[in-house]
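Sequence positions, counted from 1, serve as the residue numbers for this chain.
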Amino acid sequence: MLLWVILLVLAPVSGQFARTHKSIIFLQPPWTTVFQGERVNLTCKGFHLYSTQKTKWYYRYRGKEISRETQKNTLEVQESGQYGCQAQGSPLSSPVYLDFSSASLILQAPLSVFEGDSVVLRCRAKAKVTLNTTIYKNDHVLAFLNKRTDFHIPHASLKDNGAYRCTGYKETCCPVSSNTVKIQVQESFTRPVLRVSSFQPISGSPVTLTCETRLSLERSDVPLQFCFFRNDQMLGSGWSLSPKFQITAMWSKDSGSYWCKAATMDYSITSNSLRSWIQVQIPASRPVLTLSPEKALNFEGTKVTLHCETQEDSLRTLYRFYHDGVPLRHKLVRCEKGASISFSLTTEHSGNYYCTADNGHGAKPSEAVSLSVTVPVSRPVLTLSSAEDLISEGAKVTLHCEAQRGSRPIVYQFHHEDVALGNRSAHSAGGVSINFSLTAEHSGNYHCTADNGFGPQRSEAVSLSVTVPVSRPVLTLSSAEALTFEGATVTLDCEVHRGSPRILYQFYHEDVPLGSKSTPSVGKVSFSFSLTAEHSGNYYCTADNGFGPQRSEAVSLFVTVPVSRPILTLRVPRARAVVGDLLELRCEALRGSPPIMYWFYHEDVTLGSSSVPSGGEAFFNLSLTAEHSGNYSCEANNGLVAQHSDTISLSVIEHSGIYSCEADNGLEAQRSEMVTLKVAVPVSRPVLTLRAPRAQVAVGDLLELHCEALRGSPLILYRFYHEDVTLGNSSALSGGAFFNLSLTAEHSGNYCCEADNGLGAQRSETVTLYITGLTANRSGPVATGVTGGLLSLAGLAAGALLVYGWLSRKAGREPASDPCRSPSDSDSQEPTYHNVPAWEELQPVYSNVNPRGENVVYSEVRIIREKKKRAVASDPRHLRNKGSPIIYSEVKVASTPASRSLFLASSAPHR
């Protein structure tokens, strides 16, 4: 069923300009009704008329649907039913019904009949039917054919439409009637339609006329010709094969009724289009805009009228008014009267005006009319802008002056403190600007004026403050004293010559800030302080007002420091000075500006002097005689103050005295103080004594071991050994130490002891003990050894008591020992004594140490390495070194006899 719906929808469309060309079925013979047993050839033609292409065929009869495909476009059939075809590249054809009749009489007619065709209707009869034929149309007798079979319609037209049949007689009985055939005469082409490019063309414009029609597909090869008419008058040269006619220019006289006619080449078929009216339009003429009143100047508030008018037109015209291209309003009036608008002038009304006239055929503009509204300038506004946050010297600054109202051109003038900077003329809105780079002179008040011929208007003043970076400061130094010595007051002056306030000054000593001051104006600031030795060095200052500090050149300051009280050190080659020894006197002031002059004194008699240009210590050597005993001192002087050292007593064998030294650098001499020294003495080799209740010891006896060192500063630690195995230890201030032992058989063997006071351990001789019952022949030597040991112990004890008492009286107190010294120290180092008498086998160095010139006496005994015999520990910084060789030290107050009592005594070395 779907197939036949498609066939019905795609009905034939004829016409010269058909867009869709369906497939078409042609019959041979050309009849739709034939007798059974006959055959009909179907030919399918498509859009391209490819006869050799494959063709699809469709057949339907009494609900039966069959499709097939042939290699060519022909098909022979002999069955009744509806047939359709589809040629390759074309749509499906319209259906064709074929009737293979079994009747005795049939009327045959062509498949399609077109207007103007010569049509043949054929009445055919089988045997035994007499053809005394009558043709009927719509059941009315049309014609008697008698013995003829064909009825001719020579020129088919629409009046020939109808239902046709024919009748005849059987030979034996009765009349018979054929099938009915409906004839529907079709148009070869559709009624033409006149197409016009414009039914209201503008006068002088071209117009194209087109006569459109469509040929039937079955007559698509029929040529047509066309003719165009205006008011029944043929246009151009008459008939033409072109369906278009061009009118190059339409004028008012060309308005009228237009139509066209289409016809076949033999004029057998003609068809007229409907009539169409073409009205040629005449556009409005160019309008003229007038302005009233006409004045050279139009002041604000004046009423002005604009009038727009065209010269000719018969239609209603639309007028529009424009100000600088912007429409104002429109008014629709008849052209002979024109149109007008009125308004009161404001400053915004200045500009160019024009109008347009449009009667539907295009707007025509008038010439422009210029209107200038004169408005006095308003008070201008001056603004200042800069790319930098700070209005600093060198910055780019823009001054902009603008009047919000006023007729142009406007002349603007800029002023700085009532001095004219320049003027600019503005012909458009937005004001004017000037640019310049700032200098210090640009600070002040600015204003601008605006004038358009009605008197200048002045803006409010704008203040501008230019920030000038500070110049490089200059640092100068001044002092009330001719010399910048310690204690003097010094003033530092820092000054800049340029720079915006407020300025912050900063003073520095060797990159260390001293202080700061702020000033509200350009100038200088001062900074004062009292000099100390630490103030020597380089000074500079900085100045800053927000653009980064500027630094001055550095100024050097040298502080002259008075010498401190010098330290005198005596050095002799042995513990006791002997006539003929070489005495070395060393004098040193720990503080004081060079050069320093040193003087050496013996009993206030000058021995000699020495100058030290760069500071430091001075030496003086003396070959000792008996007269050199006494007090020594030294003096130091650098021109500010003289300092005298402490007096040192030197005892030369058979003679004694006091020596001193003096240091001087030309300012004022300083003499050293007298220092009392106490010498710490290392222990001597101890003596071990064994005591038993009988001459020949036996197992179970109580053995007493006594160990004593005859020399050595207390406290002394004693250790007891049996065959190098420690038995025990004991500490003693004097008199040695004891150890008791209950003898067993294992106690035979060698015994020894060791004494140590921190300055080096000393070990006694070995004593051998034999216990009775072990070896009989050893009793004699043991008794002898014990007896000899007891006698030796008694003698050494007496000597030790004498030495100890003498040392106690010299030092004023008992010496203290250093338990931390190793025995190897006494072998690799030599002792140094400071103001303390020493034992004969030691090499003393006498020294008084008072580095700060206070009433404190600091005494020490040190050990000096052989390779540094000239090194003296007079600087307290030397005493802090690791591995210091000090074995004794003592500090006393030396101002009064009462204050000389000991407040610190220690035999431990300073670390």
Student: Any chance the side chains of E212 and T210 put a donor and an acceptor closer than 3.5 Å?
Tutor: no

Student: Mark yes when over 12 heavy atoms from residues, nucleotides or ligands other than K137 sit less than 6.0 Å from its NZ; otherwise mark no.
Tutor: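 It does: K137 NZ has more than 12 such atoms within range.
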
Student: Take the SG atom of C260, take the SG atom of C227, and say whether they are under 2.5 Å apart.
Tutor: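 Unbridged: C260 and C227.
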
Student: Okay, side chain of H323, backbone of S350: is any donor-acceptor separation there less than 3.5 Å?
Tutor: yes

Student: Under 4.5 Å between any side-chain heavy atoms of L27 and Y83, yes or no?
Tutor: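 Result no, sub-4.5 Å side-chain heavy-atom pair not found.
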
Student: Of all heavy-atom pairs between A262 and F189, which one has the smallest distance, and what is that distance?
Tutor: O-CZ, 3.7 Å

Student: Do you see a donor-acceptor pair shorter than 3.5 Å between the side chains of K303 and S344?
Tutor: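 Distance-only check fails for K303 and S344.
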
Student: Under 3.5 Å, is there a donor-acceptor pair between the side chain of N423 and the main chain of Y412?
Tutor: no

Student: Not counting sequence neighbours, list each pair that qualifies as a ring-ring contact (aromatic ring centres under 6.0 Å, His included) and has a residue in residues 202-223.
Tutor: none

Student: With side chains defined as the heavy atoms from C-beta onward, is the minimum distance between V222 and S188 less than 4.5 Å?
Tutor: no

Student: For E417, does the CD atom have more than 12 heavy-atom neighbours from other residues, nucleotides or ligands under 6.0 Å away?
Tutor: yes

Student: Just wondering, are more than 12 heavy atoms of other shown residues or ligands nearer than 6.0 Å to CD in Q246?
Tutor: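 Yes, because the 6.0 Å sphere around CD of Q246 holds more than 12 heavy atoms from other groups.
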
Student: What do the steps show when you test K244 against R195 for side-chain contact (heavy atoms from CB on, under 4.5 Å), and what is the final call?
Tutor: CA-CA 9 Å; K244 292 185 178 182; R195 305 294 184 189; over 6 Å; no

Student: Under 30°, 30 to 60°, or over 60°: which ring-plane class applies to Y164 and F151, parallel, tilted or perpendicular?
Tutor: tilted

Student: So does P192 get a backbone contact from the side chain of S273, meaning a donor-acceptor N/O pair under 3.5 Å?
Tutor: no

Student: Tell me whether D324 contacts the main-chain N or O of N352 through its side chain, where contact means a donor paired with an acceptor under 3.5 Å.
Tutor: yes

Student: Cut-off 3.5 Å, side chains only: do S257 and N231 have a donor facing an acceptor?
Tutor: no

Student: Exactly one of H400, E402, R424 should register a side-chain hydrogen bond (donor to acceptor under 3.5 Å, both in side chains) with S433. Which one does?
Tutor: H400

Student: Taking the six-membered ring for Trp, are H416 and Y446 parallel (under 30°), tilted (30 to 60°) or perpendicular (over 60°)?
Tutor: parallel

Student: Is a side-chain N or O of S471 found less than 3.5 angstrom from the main chain of R498, in a donor-acceptor match?
Tutor: yes

Student: State which residues pass side chain to side chain contact (heavy atoms under 4.5 Å, CB included) with D232; sequence neighbours excluded, sorted by chain then number.
Tutor: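 Once residues adjacent in sequence are excluded, the partners of D232 under the side chain to side chain contact (heavy atoms under 4.5 Å, CB included) criterion are W259, R275.
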
Student: Just by distance, with hydrogens left out, do S443 and S465 show a side-chain donor and acceptor under 3.5 Å apart?
Tutor: no

Student: V207 versus L209: any side-chain heavy-atom pair under 4.5 Å?
Tutor: yes

Student: Have Y267 and Q225 got a donor and an acceptor in their side chains that come within less than 3.5 Å?
Tutor: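 Yes, Q225 and Y267 have a side-chain donor paired with an acceptor closer than 3.5 Å.
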
